[in-house]
Structure formats: structure tokens, C-alpha cells
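Here is the naming used below: chain letters follow the sequence lines, and residue numbers restart at 1 for every chain.
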Number of protein chains: 2
Amino acid sequence: MSIKPLILVAEDEDALSTLLEYNLVNEGYRVAIARDGEDALVLAREETPDLVLVDWMMPSVSGIEVTRQLRARHETANVPIIMLTARGEEADRIRGLDTGADDYIVKPFSMTELFARIRAVMRRIRPALADDVLEAGDVSIDRVGHRVSRQGVDIHLGPTEFRLLDYLMQHPGRVFSREQLLDAVWGADVYVEVRTVDVHVGRLRKALKIDARPDPIRTVRSAGYSFDTDRR
Amino acid sequence: MSIKPLILVAEDEDALSTLLEYNLVNEGYRVAIARDGEDALVLAREETPDLVLVDWMMPSVSGIEVTRQLRARHETANVPIIMLTARGEEADRIRGLDTGADDYIVKPFSMTELFARIRAVMRRIRPALADDVLEAGDVSIDRVGHRVSRQGVDIHLGPTEFRLLDYLMQHPGRVFSREQLLDAVWGADVYVEVRTVDVHVGRLRKALKIDARPDPIRTVRSAGYSFDTDRR
DNA sequence: AAAATCCGTCACAAAACTGTCGCGCACCGT
DNA sequence: ACGGTGCGCGACAGTTTTGTGACGGATTTT
């Protein structure tokens, strides 16, 4: 997750979404604007937002439906969602909360109150999310669920390969010598041949291979290995 | 953690606290009642509650102060807090949220709305704990009726297998070590062999087997087990 | 009190993973 | 172009981890 949290706003009224964008950006957030529910789902897929503001009433795909779909997808299952609703009727609010929204706010609302709610909701979710899943390029590693996936495809790794990838992804772009990797991944007290690292890197590479995607692990001759997302 | 969540209610009006106790118990929660803020802190220390309902206005120690102190203590730092407030004024609500409360509800409120908020707030912490019946994939577990079924077919489980499945389904996708499972399902003080977990997982799997349906329990070598609904 | 369940442990088999070796190719400096 | 060093990779045998049937004792039900 980058420094500035990304907020996805799904709102069909131009006046309101512009106002929201202006104020949220001013508050230090990055903002993605969606005009309707479908848009919102597409945008959420491009970059997983850190929080979603979704209007209850929207053409085509309603706020509730958006919520449900976001919850269904693995990447966005735990993203906090705040529902914007014009009606103050209790039944609707409850339905919103039960569908999986984390909070709702009734229009019209003040920016101050919205900010407070955003802070409250994010404080709750973010710490858990921040450490748990690590992404770089198209590879994501979930340490709590012990899952690795590339472009959404699940990848099976043995324990050692998992720890190795985990360690490399902690410091993308940085080159580690085989000795450093042995210390970090195997443990300082374990004695194994240095070349063992090569073998595991090889296995890791093979496992990460998805059609023609570039190899995310870079060999630096006579230095070591590093996890790189793009450059060459 | 036991099956029924413990809710700590800090409220000085007798009429309301009695009403809350009655309804919450009726809804399947365990309830601890505190007459004032000090009481609340003492009770929270005795057994860490799963959620706290605290009145904004209370003699001696105010709701805000209770919130602050709960957040300060390690055991209760992440317990969700819902603030009960008589005033509808925005400034106060914001202050409440910023202090660390996760939500607030304005008096007078209906029990239905309160329950929805409790479920919503608890879902953030432990995604499914709030519900009486829990479903993931084609498996459903009814913690009130102690019933488990898969694809509509009733399944009989022993008490330990039931608690094990219950715990795993609380946190779908998350991997637990055998030690963690022993703590959570058997109890921290019970001494049994670690491999006992394997045996019960095995029994659970056998019980859950319905023709060719995929095994919902995933083994993560040298890490533990997790309940998974989808991928393999 | 007898019967039926349920529980924890063990031992053994199956499965998964690991470390090492050796060979051949790639790359580098000369 | 050439020798040398570094690296990728398939093979393999040993080790660790997990699945599971069996069993005696405890607990609950009938």
C-alpha cells in the first residue's frame, strides 16, 4: 500500500462526486471516481482501494450490489466500505450494514463528519491489512493465509520457497547475497551449502512462471538475487 | 474465546441497561453490565469483552475516558466500541469517533438498529462471529442449534470437531498453527499432544466428505490448517 | 449398568520437501 | 577466441511432515 491511501468514490451525482474528490484530495487521499456501480467494480479491480465510498442509489448496479461483489472478490474482501444514503429510513440502513458495509452516512453530511468516519473505519481495518498481504507487480503474498498468487492465479510453494519469496518481497529491488539469504531465510545457525539458495531460487522461479510473464527474480552475477517488479 | 460473544454494557440508566441486557441475551450474547465507567474498566479487566457498548454521559468516568483507557490497555486495544449518545450534535459524534470508538448510535434507538450495528462492527474484527449461522461455500454451521450441514445434508460432529470447525470458519482463509488451534479450541490450559489436532482435522474432514466435493480444509505444510471456501 | 460416543495417543505408511551433486551453458576479462 | 568462474537445472536419496487406522480409557446416553 502506498503512502497516500486510495479512496474509491462511487457516486452518480456529478456535483457531489466533484465536491468529494476536491475535499478528499485536499485531505491527503488519492481518489478514484466512478460514475456508476459497474465503473466502481472495474476500478476496484485495477487498483485495490483502501476504502470505498459508495452511493446507495445508483443507476444499473446499486450500492448494495457493489458491496456484495467487492466482498466476494478475494482482493477486496476486507476493504472498508462506507455507504452514502439519501434516505434516513432505518430499514435501508440496516440492510446496508448487513450486506457488508462497515458504516453509512446520511446525506446531506458535512465533510468534517465524513472525514471522522473515514478515519474511524480505516483505523480499524488498516493495521490488519497492511502487514498481512504484500504485493509487488502482479505477485501477491498473503502471510496470514499462506497464499501466493500471480495475476490472481494461486501458486503453491513449499515452506522454504514461501519464506524466501516473503523475504525478497519485503525489500523489492534490493540485492541479497546468498549468505544473507541463508541467514534470513534458513536461520543463522543452520549450516547448508551456499548453492542451496540457487536451487530454491530456481524452484521458486519455476513455480512463479505464468505463461510469458517476466521472471520477477533477478540474478545479479557474483552478487546475489533480488525481487524486481519491472526494470531490466 | 467461547462461542457466545461477551458484550460489556456501560450505562448508568437502569431502565436502559436492563432493556439492553434482556435483548442482547435474547439475541444470543453474554452480557456484563457496568453502572459507571470505573465499573466498566474493572469488568473489562476480568474478562476481555468482544464488544463494548458505552454511554457517552456517565457519572465520574465518561464514555470517552472509558474508550481511551480501553484502547490504552493491550488486551482491550482492539475491542470494538460503540458509543451511546443522547445528543445528536455533530461535534460530539465526531469527537467520539476520533477518540477511538468504532461507531455511535443516537438515543433513542431501536434494538433492530443496534443489533445491525453490532453485527457490522464485529464483522470487521472477526468477519463472521456476529452471525448465528455461518456459511462458507457449501458448508453451514449453526452455532445456536449446534448443527452443521453441507449442501443441505445434515452432518453429525462431536463437540470438539464442532468447536474446531466453528473456529476455523470464523476466519476463513487464515492459517492456524496446531498450537493456536489447541489454545483456541481446547483451551490454553489443557495439555494434549500437538498431533491430536491432526487427528481431529482428519475426523472433521471425513465427516464433511460429501461425494466428490472438494475438501474445505487446507493443510499448509509446516504451518497448520485453514478453512477455505474456494481455490486450491 | 450397559451401550454408545467421544477422546487422546501411538505407530506406521504415504506424501511432500530438502540439500547436494554434477553437468552444461552463459558470461567475463584478457 | 579462450579459459575460468558463476549460474540454471535435472536427478536423487534422505529427512521431515502429515494422514490414518487401531486401541484403551473416559464420558455421556439409554
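The base of D:dT18 has none of its N or O atoms less than 3.5 Å from a complementary donor or acceptor on the side chain of B:Arg221. One donor-acceptor pair, N or O on each side, does fall under 3.5 Å between the base of D:dG8 and the side chain of A:Arg195.
Judged as a salt bridge (Lys or Arg N to Asp or Glu O under 4.0 Å), the pairs with a partner in residues 176-193 of chain A (not counting sequence neighbours) are, in order, A:Arg178-A:Asp198.
Within the 3.5 Å criterion, the main-chain N or O of A:Ser177 finds a donor-acceptor partner in the side chain of A:Gln180. Under the 3.5 Å distance criterion, the side-chain polar atoms of A:Arg150 are left unmatched by any main-chain donor or acceptor of A:Asp138.
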Donor-acceptor contacts under 3.5 Å from residues 167-176 of chain A side chains, at least two apart:
| unit_1 | atom_1 | unit_2 | atom_2 | d |
| --- | --- | --- | --- | --- |
| A:Gln170 | NE2 | A:Asp166 | OD1 | 3.2 |

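Between A:Tyr191 and A:His156, it is A:His156 whose nearest contact on DNA chain C lies nearer the 5' terminus. Toward the 5' end of DNA chain D, the nearer of the two residues B:Ala223 and B:Arg203, judged by each one's closest nucleotide, is B:Ala223.
If you measure from atom CD of B:Glu193 to atom C1' of D:dG24, you get 16 Å, rounded to the nearest angstrom. One can place CD of B:Glu161 at 14 Å from P of D:dT20, the figure rounded to the nearest angstrom. Atom CG in A:Asp198 sits about 11 Å away from atom P in D:dG6, given to the nearest Å. Atoms CD1 (B:Ile217) and C1' (D:dT20) sit 15 Å apart, rounded to a whole Å.
In this structure, A:Ile118 and A:Leu51 approach most closely via the heavy-atom pair CG2-CD1, 4.0 Å.
Look at B:Thr219 and you'll find a side-chain N or O under 4.0 angstrom from OP1 or OP2 of D:dG19. Listed pair A:Tyr225 / D:dG6 fails the phosphate criterion, with no side-chain N or O lying under 4.0 Å from OP1 or OP2.
Contact annotation for A:Val220: backbone-only contact, meaning every heavy-atom pair under 4.0 Å involves sugar-phosphate atoms and none involves a base. Heavy atoms of B:Val199 sit under 4.0 angstrom from at least one base atom.
Taking a cutoff of 4.0 Å between a charged side-chain nitrogen and a carboxylate oxygen, B:Asp12 and B:Arg35 do not qualify as a salt bridge.
The footprint of chain B on DNA chain C, defined by a heavy-atom cutoff below 4.0 Å, extends from C:dC6 to C:dC17.
Donor-acceptor pairing under 3.5 Å is lacking for the side chains of A:Arg163 and B:Ser222.
Listed candidates were D:dG19, D:dT17, D:dG8. Nearest to the side chain of A:Arg205 is D:dG8.
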